[in-house]
Structure formats: C-alpha cells, structure tokens
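Only one structure is covered here, and it is reproduced in the block below.
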Protein chains: 2
Amino acid sequence: MFAEERKAEILQLMESGKPVKVGDLSQRFEVSESTIRRDLQELENARLIQRTHGGAISVQSSFELSYQEKEIRFYDEKQKIAKAAVDMVKDGETVFLDTGTTTLQIAFALRGKSITVATNSMDIAQVFAEDPQVEVIVLGGSLRKSIRSLVGFLTNEMLAKLHFDKVFLAANAVDSDLGVTTPNLIEAETKRHMVKAGKEVILVVDHSKLWEKAMCQICSLSEINLLLTDDGLDEANVKRLSQYVQVRIAE
Amino acid sequence: MFAEERKAEILQLMESGKPVKVGDLSQRFEVSESTIRRDLQELENARLIQRTHGGAISVQSSFELSYQEKEIRFYDEKQKIAKAAVDMVKDGETVFLDTGTTTLQIAFALRGKSITVATNSMDIAQVFAEDPQVEVIVLGGSLRKSIRSLVGFLTNEMLAKLHFDKVFLAANAVDSDLGVTTPNLIEAETKRHMVKAGKEVILVVDHSKLWEKAMCQICSLSEINLLLTDDGLDEANVKRLSQYVQVRIAE
DNA sequence: TTAATAATGAGCAAAAACAATCAAAGAAAA
DNA sequence: TTTTCTTTGATTGTTTTTGCTCATTATTAA
C-alpha cells in the first residue's frame, strides 16, 4: 500500500465526521504511529482534516473554524495604515468606516476616542460595543453574510441622508485607469454613496491592491482626497500614482 | 473522545443560548471539572462563549443581558414561546424580530426556514449569519450598546418604509391599563414604528412581565393582534387579559 | 453585615501523545 | 551497477492533557 492510498483511505474513514485515533490507524494499516502522524500532518496542511491530540477530526466538526480568526493577509501593513489613519482623526469628528480588514484594524485603533463612528460592517460595530466613548451608528441594509456587511438599496438611502467628516473607504483594487474598483456590483453602488457622503474621502488599501483591477468601478482617483497605503510599494510606482491622487505612505 | 470534540460538542449544546453548568458537563463527558473549566476557558478566549460562575452561556445571549446578570431568566419559558412562534411562520414570509432575549430564542428556532428576517438586533442578525436560507435585513440606527440594539431616528425612518407579514415585538411590561410599556423613551418610539410596520403584530413576553408597568407606553393592547406568552400565569389572570387582547399560551 | 458554602485558579505530577532526529529499507535515477 | 532520494520505524526528549490538592475568590444564607 502506498502512502497516497493510505491517506485517501484515512480521508474516507473520516468522511462521515468520525474521529480517528492514531493508534487505531497504525494497527489498521500495519504501519508505525510515526507514519500515521506524518500522514495526518500532511492532510492537515492540506486543510482536509483537523488534527487533535491522539488523532484527528473532520474540519467541519472542529470548533476552531467557527471562530473567524482567519489570518489577515498583510496584517503588519494594515496595522501601519491603521496607526496613520488614527492620527488623522480628531476628537469630536464623525467618521465613516467601510467594511474591510484594514478598516477593522482602524476601528480597533480608534477605540477610546471621543468620536462618532458610522459603519456598514457588523464586525466594526462590535469593536465599539463596549466602548462608552464612541457613539456608533450602524447603517441598515441587506446582510452580505460572507463579510458581514450591510449593502443595498436601504444602505444607499441612509447614506444619502448622512454626511461625515472623514470616510475611510476600502476597495479591492486601485488603478490609474479604472480608478477604484471592487468585484461586487451591489457593493460598488453602496461604496459610491459612501464617497458622496464624505467631506474627506480616504482610501485605505495595502500595497498589494495597487495597480490592480476589479470588475466594478466605484469612482475615479480624482474623487479620492487621499490614498493611504503602506511602504511596500517601490518609489517609481508611488510617483506614478501621485500624478493622479495624493498619496500618503504609512511607515 | 478528544478534547477538540468535547469543545465542539459543548458549543453545540450551547448553540441555542442554553446555559451549561460545569458539573453537568463534567458528568456528561466523564471528565473532571478541572478539565471542563479549562475547556470553557479556551472557548471563552476564542470569544465563543461567556463564562459564568458555575458554567457558561453563549456570547450572543450574554450580550443581551445586563452587565451583572449573566443568565437568561425564564429560559425554559422563552423556549416554549419560541417554539410556538415558529409554528406561526410560513415559508416565504417576511418577519420582523425586535431586540430581546425571547425574540433571540425565536431567531434560533427560525434558522433553516426560507424566509426574510428583518431586525434591529445585532445579535439576532448574527444568528442568521451562517444560514444560507434566511435573507437578513438589518435596520440601521444608533447602537444601544448594552443590548446591542439599533434604535432612534434612522431606525424609525427605515421602519416607516417597510412592511412585514409578522412583527414579533418584545416589551418589558404589559398591563390592561397602560398597555405595552418599556423603560426607554427612544426605544419606545422605535417600537411604536414596529407596530405600525406589521400586518400582524405578535407580542412575545414571558409571564413575569404580565400585569406590570414600565415608564413609556408603546401602544395599547388593542393594537396588538396576539399576545404570546408561556403557561406560567394562572387562569383567572389569563381570562382577565383576554378581555383586552387575544392571548395564546405556549406549552 | 458575617459566616458558610460553592466555585475557581494555580500548581503539581503522571500518563499519553508528540516532534525531531537518525538510520535502515526500498524505490528511482544516473 | 552505484548513487540518490523517499519512505519508514525506532529512539529520545519535550509537550499536552488530565486529575488532584489547596489557597483564594465569589455567591448564598443567616
């Protein structure tokens, strides 16, 4: 029996959500426990199972997954951006935070300030749920479950009635040609309303999203007051971007 | 049984907001109380549950409760009411769920139905966050942090634009004299809008709130289509109430 | 309030499971 | 064939899990 066969069979055994033990598998396949552990490790690396002490369980029945501590990509970069963003916010201001992982970091950094925060992100609202300083306004709308964001007609209507000192906008891609873009049509429409609702619109994106394109245009770069990003972009590209929009690098 | 399995199962047990006790879990899983405590600690660190003295409660429910009070009062009664409420909801309907511990139980019980749920409770929205069947609409507004409810002008405006097949209303006190009451002025105004937005308005309160009064009137009993409560009230009082509003007892 | 009772957290020790390492066996490539 | 690479099993020291005790803390009753 080859190693691949063995792994395939282990997966089959676990298909119905049954937990398996290292000792049992070792006996069943007549190999050492070391070998089984190596197999399980590989399967876990492939995110096919969840290892436990003594064996493994299927990913679904693992509680780790229900906790959405999914690793944030470019965490350090976003942290830098958040720090720079917070420095721009003064006490007493009204700030809008768009849904996104970067804006979520900004939310954490904003805690304790005497400000009013409006958002369409359930997660960001939660961040302030135990902060007595911050007044929170949540926009209504249809719940986009994957990112726990509120979007759609109702959200747009509410945005049309509000105005903020600063809007921190998130996006999936930024380009001099198409401007600011995102893959979702409905979201794009809602973000367009955010841009309109801000006295000052600050686009916060890590460097991996610069010079990229997504399907739906939100707005052109000229409508953005400031692009706040991290120091992961080379100087030539920063200069190129600066022709279209004011750029600030967070270090 | 692996530790991971145990933790996953504990979570499942608590899924519907049911509180658990250390002693019970210890017996059920045949491990020491120390082990259970360690499990609960981990789950708490992962923000999946909220520990209490002697046990734990799911985070969603715990946020509904005041800082001191960590257990749902009249949990069984609310469970009964929830069951009866769900029987009244048909597929395809649009349902509004007010903020409250009873309505939260209704939310848990409604999962999996093909319906549209609107709510002003962040916690209720969360309940459906991983349910692909249920379409969720969250009302916007100011966040009342203690109960994570959205209230105020913006909420009222949104409610004025919407209409629901069924509105499940929560309240703090019900009385034939003052009708339905609640201690918070702004909340009362928002609840008044809920009453207006429903084709059928169903007041869900456990028996401890009957024949009580709170400061602000929401509406008179005649504006309520049905009062749904548990079987904890004596027959004489049920009859008295029935003079003012249709009463249904959940058993 | 104070006393009593219950639950908790920290520390410890034993058992089980683990990762890391290395050498042997087998397969693949030169 | 010899050499190289992969897979495997055994060994060893480390980590994890668990149950127990005991001092501390929280809750309840008086």
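Quick caveat, the model's predicted, so the values are computed rather than measured. Throughout, a chain's letter reflects where its sequence line sits, starting with A, and its residues are numbered from 1.
- Rounded to whole angstrom, the span from the NZ atom of B/K21 across to the C1' atom of D/dA26 amounts to 17 Å.
- Contacts classified as salt bridge (Lys or Arg N to Asp or Glu O under 4.0 Å) and involving residues 103-112 of chain B (residues at least two apart or in different chains) are given here: B/E15-B/R111.
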For nucleotides 20-23 of chain C, tabulate all protein N/O to nucleotide N/O atom pairs closer than 3.5 Å, reporting atom names and distance.
none

Donor-acceptor pairs under 3.5 angstrom involving side-chain atoms of residues 239-251 of chain B: please list them, not counting sequence neighbours.
from	atom 1	to	atom 2	distance (Å)
B/R240	NH1	B/N237	OD1	3.2
B/S242	OG	B/V238	O	2.8

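- Not one side-chain nitrogen or oxygen of B/R37 sits closer than 4.0 Å to the OP1 or OP2 atom of C/dA6.
- Using a 4.5 Å cut-off on side-chain heavy atoms (C-beta onward), B/F96 and B/L159 make contact.
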Can you give each donor-acceptor pair under 3.5 Å made by side-chain atoms of residues 20-28 of chain B, sequence neighbours left out, with the distance rounded to 0.1 Å?
from	atom 1	to	atom 2	distance (Å)
B/S26	OG	B/V31	O	2.7
B/R28	NH2	B/E9	OE2	3.4

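- The phosphate of D/dG19 (OP1 or OP2) has a side-chain N or O of B/T35 nearer than 4.0 angstrom.
- Within the structure, salt bridge (Lys or Arg N to Asp or Glu O under 4.0 Å) pairs that include any residue of residues 95-107 of chain B comprise B/D98-B/K191 (at least two apart or interchain).
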All N/O pairs under 3.5 Å across the protein-nucleotides 12-15 of chain D interface:
none

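- Each end of the helix from C/dT1-D/dA30 to C/dA30-D/dT1 gets its own rotation axis from five pairs of C1' atoms, and the angle between them is 40° to the nearest 10 degrees.
- Residues forming a side chain to side chain donor-acceptor pair (under 3.5 Å) with B/E33 (at least two apart in sequence, or on another chain): B/R37.
- For A/Q133, the side chain to side chain donor-acceptor pair (under 3.5 Å) criterion is met by A/S114, not counting sequence neighbours.
- At a threshold of 4.0 angstrom between heavy atoms, the contacts of A/T52 are confined to the sugar-phosphate backbone, with no base atom among them.
- Looking at residues two or more places apart in sequence or on another chain, you find no side chain to side chain donor-acceptor pair (under 3.5 Å) involving A/K145.
- Residues meeting the side chain to side chain donor-acceptor pair (under 3.5 Å) test with A/D123, sequence neighbours left out: A/R148.
- One atom, CD of B/E33, and another, P of D/dT21, lie 13 Å apart when rounded to the nearest Å.
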Only distances under 3.5 Å count here; give the side-chain donor-acceptor pairs of residues 176-186 of chain B to other protein atoms, sequence neighbours excluded, each with its distance to 0.1 Å.
from	atom 1	to	atom 2	distance (Å)
B/D177	OD2	B/K213	NZ	3.3
B/T181	OG1	B/A173	O	3.3
B/T181	OG1	B/A214	N	2.9
B/T182	OG1	B/N172	OD1	3.2
B/T182	OG1	B/E187	OE1	3.3
B/N184	OD1	B/I186	N	2.9
B/N184	OD1	B/E187	N	2.9

